[in-house]
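Reckoned from all heavy atoms, side chains included, excluding hydrogens, waters and symmetry mates. Letters A, B, ... mirror the listed sequences (proteins, then strands); counts begin at 1.
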Amino acid sequence: MTGRGRPHKAKSPDTKCAKGKTRPEEVKQVPPPRCPGKSFTEEKQNGTIKEQKPKVQKKTSHTEDKPSVQRTRKVEATENFTEISKQQSTTTDHIKAPVQHVKAKKCVGKAKSLEKVSEEMTKVQPEATKEATKASVKTTKAKTSDCKTKPPGKITETKTQPETPKDTTNADSILYTTLEKLKIKRDERSDAAEVINKIVKCIIAHLKQNTICFKEVGEPLRTGSYYENLKISNPDEFDVMLPMPVDRVNINPFGENGAFYSVELKRGKSPLQKFQETSILSASKMLEEFREEVKKCVKPFEEWAVERKKRGCPAVTLITEVQSVTISLDIVLSIMVKSSWPLFTKDGIKIEDWLGTKVKQGFKRMPYYLVPKYEGKGTVENEGVLAKDVWRVSFSHVEKAILKNHGSEKTCCETGGARCCRKDCLKLLKHLLSLLKKKDSSFDKFCSYHAKTTLLHACCSRTKDTDWPASNLSQCFRLLLKDFVTYLEGGVLNNFFIPTQNLLSGPDQKKCNNLARRIREECDTGFPIFK
DNA sequence: CATGTTCGCGAGTGC
DNA sequence: GCACTCGCGAACAT
């Protein structure tokens with residue numbers, strides 16, 4: 001309960017706008033760009049050719065599950081496990097079937113409750129489950145390379161123990177099917193990457209050549225889910241941070257949670273000096289000018305539109321359309337600080353047991369970033385500093401590095417190493433959250449960063465790769481859900497890097513409870529929402 | 001399941 | 001410092 005009721009909310013990831021990504025429905029409503037997503041040169045060559053590419057079916061198209069149905073299912077959830085084993089043989093084969101049509105939800109009732117999952121996990125732990133689930137998974141997903149160690153077990157023999165895979169198998173199928181659906185098509189990715197990279201390059205060139213204050217812009221940091229290989233469904237959201245190097249700065253916490261700071265440039269001449277009104281570097285002024293420059297640069301590209309400024313949002317959001325899919329690109333202004341991380345991070349990133357102390361030290365030697373983000377009213381003053389002029393710490397480069405190198409063993413997920421399901425679990429959680437958000441607008445304040453943070457914490461408590469075997473997706477995912485539900489019900493989810501910041505201080509407890517309840521329902525009924 | 005493709009990205013190179 | 005190439009790994013595709 002500790003963090004509850006803190007004055008400062010912090011619901012969205014540092015580089016992200018409070019609204020932008022946290023509200024999928026808004027993204028959809030973005031004003032249609034004038035021209036279908038190609039810049040001049042290609043417009044000619046491609047405009048006609050690629051037209052007929054299959055549209056990505058909106059994954060939500062047939063998610064018409066009724067709450068009442070779920071309620072009744074709950075009863076079945078406690079149903080016997082032997083039944084499941086019978087079904088297992090029938091269900092495994094349709095797992096193979098690639099995506100699209102999902103079979104009728106015959107096997108829904110077999111889901112287990114969150115509590116059950118955790119009990120099982122703790123007593124079973126890797127071996128038993130691994131071997132058992134392997135049997136079923138092997139037939140379905142050949143890519144799990146850790147199948148080699150053991151022969152497929154005979155699942156039907158393992159009797160009524162709850163940890164037998166039988167009951168997870170049905171859930172597995174829907175999860176694998178869902179993951180399959182969430183994959184990004186190569187062509188779409190390719191088209192989007194081309195368009196995105198072109199404009200990013202152009203913006204950087206513009207800043208270097210035509211501005212003084214942003215001339216020193218550094219290498220773009222490609223952050224966010226697309227670049228972490230965690231983007232689901234469509235390659236339609238891109239985040240690029242443009243870092244302005246600074247020599248030395250003084251930072252002072254703004255508010256109590258340690259996420260926001262006022263910034264003073266120390267000695268020496270910096271092109272950023274012009275943004276210092278008093279001694280502090282005005283985030284609002286700097287962002288304003290940055291925004292103008294980006295607009296100037298993008299203007300000639302008629303296929304790109306600049307989204308309206310959103311309060312407190314550090315990004316200039318650009319919108320375009322590629323193959324009639326709307327794509328948004330967040331260009332995020334940031335300051336790169338090379339000195340040691342803020343004190344508030346001292347008890348954060350507890351990755352020692354998971355990734356090791358050396359890895360952690362490596363991260364802590366990296367710079368950190370500040371982005372012009374604030375919450376609430378910009379005119380709120382605190383020790384002579386206006387909220388709109390403060391900066392928020394960002395560790396998205398570290399998040400990316402962690403996600404990329406996420407195993408306790410170096411070989412995790414490499415060819416020849418064991419495959420884990422950490423990222424798959426996160427994808428599923430993100431997807432689940434976004435589907436729930438679509439159905440209930442009161443979940444607006446929950447965002448994918450909550451999911452990501454939950455996973456990071458989970459990795460720190462279940463540290464070994466054997467805690468996350470790819471063959472055990474269903475149970476791992478359910479455990480992750482259990483974590484999330486626990487955070488929601490407690491109203492506390494600490495920022496992974498700044499533990500004093502409660503990411504759930506935004507939404508009130510009632511909303512947290514509602515979301516927790518919805519997640520439980522989904523879990524107990526075999527995720528009808530995915531169907 | 002092996003092999004091919006593409007993108008992202010870091011290391012290396014030359015200027 | 002900078003642009004550019006190269007090669008590798010991840011993820012998708014066949």
Using whole Å, what does the distance between atom [atom2] of nucleotide [N] and atom [atom1] of [X] come to?
X       : N       : atom1 : atom2 : result
L207(A) : dC2(C)  : CG    : P     : 14 Å
E188(A) : dA11(C) : CD    : P     : 18 Å
K181(A) : dC12(C) : NZ    : C1'   : 19 Å

Distance flag, aromatic centroids of F530(A) and H431(A), threshold under 6.0 Å: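 Yes.
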Close aromatic pair by centroid cut-off 6.0 Å: F395(A) and Y369(A): no
Counting just side-chain N and O atoms, does [X] come under 4.0 Å of either OP1 or OP2 of [N]?
X       : N      : result
S190(A) : dT6(B) : no
N197(A) : dC7(B) : no
Y227(A) : dC7(B) : no

Lys/Arg-Asp/Glu bridge criterion (N-O < 4.0 Å) met for K274(A), E289(A):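 The answer is yes: the pair qualifies as a salt bridge.
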Heavy-atom donor-acceptor pair, R186(A) side-chain to dT5(B) base, under 3.5 Å: yes
Protein proximity profile, nucleotides 10-15 of chain B - base contact B, sugar-phosphate-only contact S, no contact -, cut-off 4.0 Å on heavy atoms: ------
Quick check: does any side chain N or O of [X] sit under 3.5 Å from a backbone N or O of [Y], one acting as donor and the other as acceptor?
X       : Y       : result
H397(A) : P367(A) : yes
S282(A) : K285(A) : yes
T463(A) : C460(A) : no

Whichever of K208(A) and E228(A) has its nearest DNA chain C nucleotide further upstream toward 5':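 Its nearest nucleotide lies further toward 5', so the answer is K208(A).
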Earlier contact from the 5' end, DNA chain C, for K201(A) and C413(A): K201(A)
Audit row: S408(A), D465(A), side-chain hydrogen bond (donor to acceptor under 3.5 Å, both in side chains) steps and yes/no: CA-CA 6 Å; S408(A) 57; D465(A) 296 346; 3.0 Å; yes
With sequence neighbours excluded, residues passing salt bridge (charged side-chain N to carboxylate O under 4.0 Å, His left out) with K400(A):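 K400(A): no salt bridge (charged side-chain N to carboxylate O under 4.0 Å, His left out) contacts found.
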Nearest-neighbour nucleotide for the K183(A) side chain, dG8(B), dA10(C), dC12(C) considered: dC12(C)
Full working for ring pair (Phe, Tyr, Trp, His ring centres under 6.0 Å) between F477(A) and F527(A): CA-CA 12 Å; F477(A) 178 52; F527(A) 306 105; 5.3 Å; yes
Positions of residues 214-222 of chain A (non-hydrogen atom under 4.0 Å from DNA chain B), listed by number: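 Of all residues in residues 214-222 of chain A, the ones placing a heavy atom under 4.0 Å from DNA chain B are R222(A).
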Touch class at under 4.0 angstrom, heavy-atom based, for K423(A) against every strand present: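 K423(A): backbone/sugar contact only, no base atoms under 4.0 Å.
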